[in-house]
Protein chains: 2
Amino acid sequence: MVTLKDIALKTGVSTATVSRVLNGKGRGRIKPEIAHEIREQAEAMGYVINPIARGLRTNRSHMIGLIGDDVATTPYAGRIILGAQDAARTFGYLLTVVNTGNDAELERQQIDMLRRYGVDGFLYAAMYDRVMTLPDALDDCPTVMVDAEDKDGQCPSIGPDEQGIGEDAVARLLAAGCRRIAYYGSPPTVIAQPRRLAGYHAALDRAGIASDDRPVFDPDEKVDADMQAEALLDTGADGVFCFNDVRARFIYEAAVRRGLRIGRDLSVVSVDNFELLSVFFEPRLTSIELPHYEMGYWGACKLISMIEGRDMGGALDAVETRAVLPDLSVDRGRIRCAVVEKESVAVR
Amino acid sequence: MVTLKDIALKTGVSTATVSRVLNGKGRGRIKPEIAHEIREQAEAMGYVINPIARGLRTNRSHMIGLIGDDVATTPYAGRIILGAQDAARTFGYLLTVVNTGNDAELERQQIDMLRRYGVDGFLYAAMYDRVMTLPDALDDCPTVMVDAEDKDGQCPSIGPDEQGIGEDAVARLLAAGCRRIAYYGSPPTVIAQPRRLAGYHAALDRAGIASDDRPVFDPDEKVDADMQAEALLDTGADGVFCFNDVRARFIYEAAVRRGLRIGRDLSVVSVDNFELLSVFFEPRLTSIELPHYEMGYWGACKLISMIEGRDMGGALDAVETRAVLPDLSVDRGRIRCAVVEKESVAVR
DNA sequence: CTGAAAGCGCTTACAG
DNA sequence: CTGAAAGCGCTTACAG
């Protein structure tokens, strides 16, 4: 490992000077020729800073921690992590992920561990959109909530625009000519359910669709999913907005049983766009993708902005995403999601 | 933050002494009363070591890195991470995960980043069982491969016992009274395929089943999965060993179409035990669980053993898992997997 | 414009 | 049995 001292020796200056140049604190304070020489040598010798040593001195580790309740078993976590990691890398930060398994004691322990390592801030991530309270251990530390909203309204947060999902799904079905659009929802314990439902009604209001033509089904744990899908099709719906891809699968099966051709007789728009399930959908399912990568990315940018006390928003333009990210001045962000077009919606 | 110095001041000794006591290097070298006093005070003052400062001095960070090619989109990654994290925590290590997205340049960059942070070693994880080569950047660093095998045979590795999966699946079907057991495989590009197939044959050999009664189907990309499932059932099989749950789903559908009742007329054993898919299986699917958590856990224990130069095998007994872990002296471990019993196998 | 020095919180070889 | 001192690789207030 090449150190500052090695460079200082080589160039005949003090380590202080080398440090200043390499940190861009030499502006007008160090003779340009010397600065140039130092930079050349550092480059040639392959110098890279030792962030541990720097951190010991500055009390800033350039590490951020991602706390997730259930990184292990949800298929979403990966993309949140990926987005956060990409943003962190852009700014020279290292992302460290810990899983708490919904265990408050373990959570506390993990947060303490990360704090001992001097992380500069935290992403506190939920694995599905919800309202949460920040743990006490995070109170005095820069933190951003991901895929969540802070109950106390203190902590900046980012989530999907759930109402927009409902509106966009229904708009897509209306555009395909559907006039009797059903909603196959979820139990109301998740906040996405009432919000998507509100979006569904808003879009139908706008289109002047009567309330008679708005069959809404909330899955009841006690009713068989197949039976519910059958009941839904019994309403004569020509379009279905499904809460997620698993629900959509039940609609597909029910449709097959009664000889309805999806993408012709019946249009379906869903949410999740789960790659793992795609093999089960023929024709392929048009589905709205939740912006997990984007939430992770935005969350990390926001967090680093807070840590460094300046706007890191430029990075948002650099990232290629399907969804449009709010800018970093927003404190409770909601991302408008992208509809991923496949073949389950009728061609007009 | 309480420091060594605070404790030294409080107890009237030098920081050297405090350090020795707290690191257990005082044995017979420090007066017991003093040692006791120091420990008491440290406890009372809530001292926790600053691993960054310790690391700067000792060149050991107590961090380990997990490099994964595709942590983002595979449903397995989470459990590998969780297992590795649990083991790391047990030994006071911090796990840091990075995703390389199969991009060699990015991989190199991430490895360099982790090395700058001084990680003590690496877990190099695949997202499905395969033979890999260690990247050059990891050559001079303690490393363990997870869910993989080293092509060059240098690097210790851990994976599932694929042949055992085939043997156990078939044994289970034989025990249920099946006499014509089909294998619904995978394309041979994954190493699991030939190995599970070998296990299938080994178990049937042992049972004295003739080769006429061993219908084997390898999914052909060009042949529709539904058609293959139909062809498989046409053989008159009374038991099916499926390469994974997705395959099993096609068998279920084909069975329904011809009025066969699974768990009565036809028995099915699969691999993966995917929670996300479970809603699609009625009756619920008996499936062999790949030991991702266990591989992560074992890998981290092995790695830390290598780093510290002593056997950390004790931790293996502490962990509750379905599968049995090999002990840490093994260099190319294969874990015998657990059959998770549900209802898709006929009751005798 | 530049350097000597102190210090971040530890560990450890050396000396006693 | 214990301490003073050096040092890990940096940064920065201070002095010139």
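Proteins come first, then strands; the chains are lettered A, B, ... in the order of their sequence lines, and each starts at number 1. This is a predicted model, so every value here is computed, not measured.
Taking the C1' atom of each, C:dT12 and C:dG16 are spaced 16 Å apart, rounded to whole Å. Nucleotides D:dG9 and D:dA13 have their P atoms positioned 23 Å apart, rounded to a whole Å.
Electrostatic pairing of B:Glu33 and B:Lys31 does not count as a salt bridge here, judged by no charged N lying under 4.0 Å from a carboxylate O. The pair B:Arg130-B:Asp147 does not meet the salt-bridge criterion, since no charged nitrogen lies less than 4.0 angstrom from a carboxylate oxygen. Salt bridge A:Glu294/A:Arg79: absent, no basic N to carboxylate O contact under 4.0 Å. Remark: B:Arg115 engages B:Asp140 in a salt bridge, criterion side-chain N to carboxylate O under 4.0 Å. A:Arg332 has no carboxylate O lying under 4.0 Å from a charged side-chain N of A:Asp150, or vice versa, which leaves the two without a salt bridge.
Residue-to-nucleotide proximity on DNA chain C shows that, of B:Val48 and A:Ile34, the 5′-proximal contact is made by A:Ile34. Comparing B:Ala35 and A:Thr3 against DNA chain D, the residue whose closest nucleotide sits nearer the 5' end is B:Ala35.
Remark: the A:Gln85 side chain and the A:Tyr297 side chain contain no N/O donor-acceptor pair separated by less than 3.5 Å.
With rounding to whole Å, B:Leu56 atom CG is found 6 Å from D:dG9 atom C1'. One atom, CZ of A:Arg116, and another, P of C:dG9, lie 16 Å apart when rounded to the nearest Å. One interatomic measurement links the two molecules: CD1 of A:Ile38 to P of C:dC1, which rounds to 13 Å at whole-angstrom precision. Regarding A:Glu33, its CD atom lies at a distance of 9 Å from the P atom of C:dC1, rounded to whole Å. One interatomic measurement links the two molecules: NZ of B:Lys5 to C1' of D:dG3, which rounds to 16 Å at whole-angstrom precision. Rounded to an integer number of Å, the gap from CZ of A:Arg60 to C1' of D:dC10 is 14 Å. B:Glu37 places its CD atom 17 Å from the C1' atom of D:dC1, with the value rounded to the nearest Å. Going from atom CG of A:Leu9 over to atom P of C:dG3 covers 12 Å, rounded to whole Å.
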Query raised in the report: Which letter, B, S or -, goes with each nucleotide of nucleotides 11-16 of chain C from 5' to 3', with contact meaning a protein heavy atom under 4.0 Å?
Result: BBB---

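When all heavy atoms of A:Ala148 and A:Ser157 are compared, the closest pair comes out as O-CB, 3.2 Å.
Across all strands shown, C:dC14 is found opposite D:dG3 as a Watson-Crick or G-U wobble partner, with both distances under 3.5 Å.
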